[in-house]
Amino acid sequence: MSWKTDLKLSDLDAGTAIEILCKRCGLSRYETQAQLLERPEFTHAHLDEVEYNLHCSNRFCRGGVRIALIYDDKTEAFVGGMA
C-alpha cells in the first residue's frame, strides 16, 4: 500500500497542485485537483488510477506519467554545522 492507493482524488482540496511528469521524455505539467475532477472517469478514482490513466501531453511521446503532490509550504534549507 502506498499513499497513492490510499488517497482518492476527491479527498484533496480543489486548489491542490499536482505535478505530472512523463517517465519517457521528462516533460512536466501542473494541474489542480479541480481540473482533473472535470473528467468523468476520475470522480471516484484513487491517485494510482489517475496516474495510470494519464499520459504525456506531448503528442509525439504519449508516455506514462508519474504524479506528485505539490505543497506551498515555505520550507527553509537546513543551516547548521559542527561546533
Side-chain angles (χ1 to χ4, degrees):
M1 295 296 259
S2 73
W3 62 273
K4 292 178 186 175
T5 58
D6 291 338
L7 280 175
K8 285 189 173 187
L9 185 60
S10 58
D11 293 339
L12 302 174
D13 292 332
T16 303
I18 300 171
E19 179 185 28
I20 303 168
L21 176 70
C22 178
K23 294 186 227 177
R24 185 183 298 168
C25 70
L27 181 69
S28 67
R29 69 181 192 267
Y30 297 91
E31 293 193 29
T32 63
Q33 180 260 12
Q35 291 171 329
L36 290 174
L37 274 180
E38 290 176 0
R39 301 181 187 183
E41 66 268 18
F42 292 153
T43 54
H44 300 291
H46 287 86
L47 291 179
D48 62 333
E49 297 168 335
V50 173
E51 183 178 60
Y52 179 77
N53 289 317
L54 289 175
H55 51 72
C56 184
S57 60
N58 183 350
R59 64 181 176 162
F60 298 111
C61 177
R62 299 305 234 195
V65 298
R66 183 176 330 143
I67 63 172
L69 299 179
I70 305 300
Y71 296 101
D72 289 335
D73 294 343
K74 300 227 180 219
T75 56
E76 297 178 11
F78 174 74
V79 179
M82 304 276 295

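The figures here come from the full heavy-atom set of this structure, side chains too, leaving out hydrogens, waters and symmetry mates.
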Joint hydrophobic cluster, L12 plus V65, side-chain heavy atoms closer than 4.5 Å: yes
Reported CG-to-CD distance for the pair L36 and E41, which is rounded to 0.5 angstrom: 9.5 Å
Value rounded to 0.5 Å, distance of OH in Y52 from CD1 in I67: 14.5 Å
Flag side-chain contact, heavy atom, 4.5 Å: T32 against T16: no
Any pair counted as salt bridge (Lys or Arg N to Asp or Glu O under 4.0 Å), so long as it reaches residues 10-34, sequence neighbours left out: R29-E31
Qualifying salt bridge (Lys or Arg N to Asp or Glu O under 4.0 Å) pairs, either residue in residues 42-58, two or more places apart: K4-E51
Path from L69 to L9 over hydrophobic side-chain contacts below 4.5 Å: yes
Heavy-atom pair of closest approach, residues S10 and L37: CA-CD1, 4.3 Å
Point-to-point distance, once rounded to the nearest 0.5 Å, from CZ of R66 to SG of C22: 9.5 Å
V50 side chain reached by I18 side chain, heavy atoms, under 4.5 Å: no
Test salt bridge (charged side-chain N to carboxylate O under 4.0 Å, His left out) applied to R39 - qualifying residues, sequence neighbours left out: none
